[in-house]
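Remarks on the structure that follows.
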Amino acid sequence: MSLFVDPHSEPGGAARQAFWLRPPQEVAADLIGWVLLVDGVGGRIVETEAYGPNDPASHSFNGRTRRNAAMFGPGGHAYIYRSYGLHWCVNAVTGSEGEGAAVLIRALEPTHGVEIMAARRGGMDARALCSGPGRLTQALAVSDAHNGAPLHSKPFALIPGRRQGLLSGPRIGISKGVETPWRFGEAGSGFLSRRFG
DNA sequence: CTTTCGATGATCT
DNA sequence: GATCATCGAAAGG
């Protein structure tokens with residue numbers, strides 16, 4: 001059951017609020033097939049992961065800190081953190097304010113501004129442009145400057161779309177909550193960060 | 001095809 | 001001081 005949101009509806013509109021208010025695993029599944037852009041550059045979301053409250057793998061698990069503050073903010077806004085000292089990763093906050101839930105955007109199928117993204121990524125082929133959470137932030141030029149920003153207004157754009165089919169499996173790169181099948185992907189996509197088991 | 005490993009810095013104990 | 005929601009190059013089958 002998917003909820004659709006008019007991307008041009010008013011910030012804080014009822015439909016949009018209802019979309020983001022749901023548990024992260026539902027939002028994560030529904031975001032597959034949507035288009036994420038930054039200044040008009042980006043592509044279709046083909047892989048996501050959900051991180052919830054009371055989830056040992058989640059940055060929010062041990063409470064609010066300076067780093068994860070945006071994760072406790074309003075739904076539909078960005079939570080951005082630095083990974084392994086090198087990469088940025090972008091999440092869409094879900095749930096109610098203060099809850100601490102989010103959806104990590106893990107891979108895009110490049111569709112808009114492919115040349116720009118290739119230049120930013122050092123001339124990589126389309127396959128590898130956005131097929132990973134650190135890769136796509138480099139391709140879209142996302143950084144901590146965007147932390148807390150709403151995904152429904154500039155420089156971001158988030159456009160509802162359709163997917164072919166939904167895959168799910170365990171999340172990647174974590175050491176706790178390893179069994180929880182909260183990684184989602186588009187069936188048949190050639191732009192995933194890794195195959196689904 | 002697979003596995004291994006170094007880079008690099010914020011965060012938290 | 002240890003741990004990372006990673007990437008890419010290099011080495012091995």
Side-chain angles (χ1 to χ4, degrees), chain A residues 20 23-32 36 38 42-43 45-73 75-95 99-110 117-149 151 167-186 189-197:
Chain A
W20 294 111
Q25 63 271 34
E26 291 186 22
V27 177
D30 281 353
L31 284 176
I32 302 297
L36 176 66
V38 178
I45 298 171
V46 295
E47 184 181 337
T48 59
E49 280 178 359
Y51 290 89
N54 307 317
D55 170 6
S58 173
H59 287 173
S60 64
F61 187 64
N62 291 310
R64 185 181 187 135
T65 65
R66 174 184 265 82
R67 173 176 71 157
N68 67 20
M71 202 171 166
F72 291 87
H77 288 232
Y79 162 48
I80 291 159
Y81 66 92
R82 201 195 278 281
S83 177
Y84 291 92
L86 290 171
H87 316 287
W88 298 108
C89 293
V90 60
N91 295 253
V93 177
T94 79
E99 194 173 336
V103 174
L104 173 66
I105 310 299
R106 285 195 57 91
L108 305 179
E109 172 186 344
M117 292 191 282
R120 288 171 177 163
R121 297 263 308 130
M124 285 223 180
D125 64 276
R127 271 295 304 267
L129 269 191
C130 299
S131 56
R135 291 171 171 177
L136 72 90
T137 54
Q138 185 182 16
L140 306 211
V142 170
S143 73
D144 63 338
H146 302 97
N147 193 29
L151 296 171
L167 303 172
S168 66
R171 295 170 292 183
I172 291 178
I174 56 173
S175 59
K176 300 163 192 161
V178 174
E179 296 299 313
T180 309
W182 280 2
R183 174 178 177 232
F184 302 93
E186 176 166 67
S189 174
F191 300 92
L192 302 174
S193 68
R194 277 176 49 178
R195 298 290 168 85
F196 281 76

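These numbers come from the heavy atoms of this one structure, side chains and all, not from hydrogens, waters or symmetry mates. Order of the sequence lines sets the chain letters (A, B, ...), proteins ahead of strands, with each chain counted from 1. Quantities reported herein were computed from a predicted structural model and do not represent experimental measurements.
Inspection of the Ser131(A) and Arg135(A) side chains reveals an N or O donor paired with an N or O acceptor under 3.5 Å. Counting only N and O atoms by type, the side chains of Arg106(A) and Thr48(A) include no donor and acceptor under 3.5 Å apart. Side-chain atoms of Arg120(A) and Gln138(A) form no donor-acceptor pair, as typed in the model, at a separation below 3.5 Å.
Atom-to-atom, CD1 of Ile172(A) to C1' of dC4(C) comes out at 15 Å; the value is rounded to the nearest Å. Across the protein-nucleic acid pair, Arg171(A) atom CZ and dC4(C) atom C1' stand 15 Å apart, rounded to whole Å. Note: NZ (Lys176(A)) to C1' (dA2(C)) measures 11 Å, nearest angstrom. What separates CZ of Arg106(A) from P of dA5(C) is a distance of 11 Å, to the nearest Å. The nearest whole Å value for the distance from the CZ atom in Phe61(A) to the C1' atom in dT3(C) is 16 Å.
Looking only at side-chain heavy atoms (C-beta outward), His77(A) and Trp20(A) stay at 4.5 Å or farther from each other. Under the 4.5 Å side-chain criterion, counting only non-hydrogen atoms from C-beta, Arg171(A) is in contact with Trp182(A). Side-chain contact check for Leu136(A) versus Leu129(A): every heavy-atom pair is 4.5 Å or farther apart. Under the 4.5 Å side-chain criterion, counting only non-hydrogen atoms from C-beta, Ser168(A) is not in contact with Gln25(A).
Within 4.0 Å of Arg183(A), counting heavy atoms only, lies no atom of the nucleic acid at all. Residue Met71(A) is in base contact, counting any heavy-atom pair closer than 4.0 Å across all strands shown.
Each of dG8(C), dC4(C), dT6(C) was ranked by its minimum atom distance to the side chain of Ser175(A); first place goes to dC4(C).
With a 3.5 Å limit on both pairing distances and Watson-Crick or G-U wobble geometry required, the stems of 3 or more pairs in DNA chain C span B:1-7 with C:6-12, B:9-12 with C:1-4.
Each of Glu49(A) and Met124(A) was matched to the nucleotide of DNA chain C holding its nearest heavy atom; the match closer to the 5' end belongs to Glu49(A).
Judged by distance alone, with hydrogens and angles left aside, the side-chain atoms of Ser189(A) form no donor-acceptor pair with the main-chain N or O of Glu186(A) at under 3.5 Å.
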Show every donor-acceptor pair shorter than 3.5 Å between a side-chain atom in residues 80-93 of chain A and any protein atom, with sequence neighbours excluded, or say none if there are none.
unit_1	atom_1	unit_2	atom_2	d
Asn91(A)	OD1	Leu104(A)	N	3.4
Asn91(A)	ND2	Tyr79(A)	O	3.2

Nucleotide by nucleotide, nucleotides 6-13 of chain B touches protein heavy atoms under 4.0 Å in the pattern (B base, S sugar-phosphate only, - none) -BBB-SS-
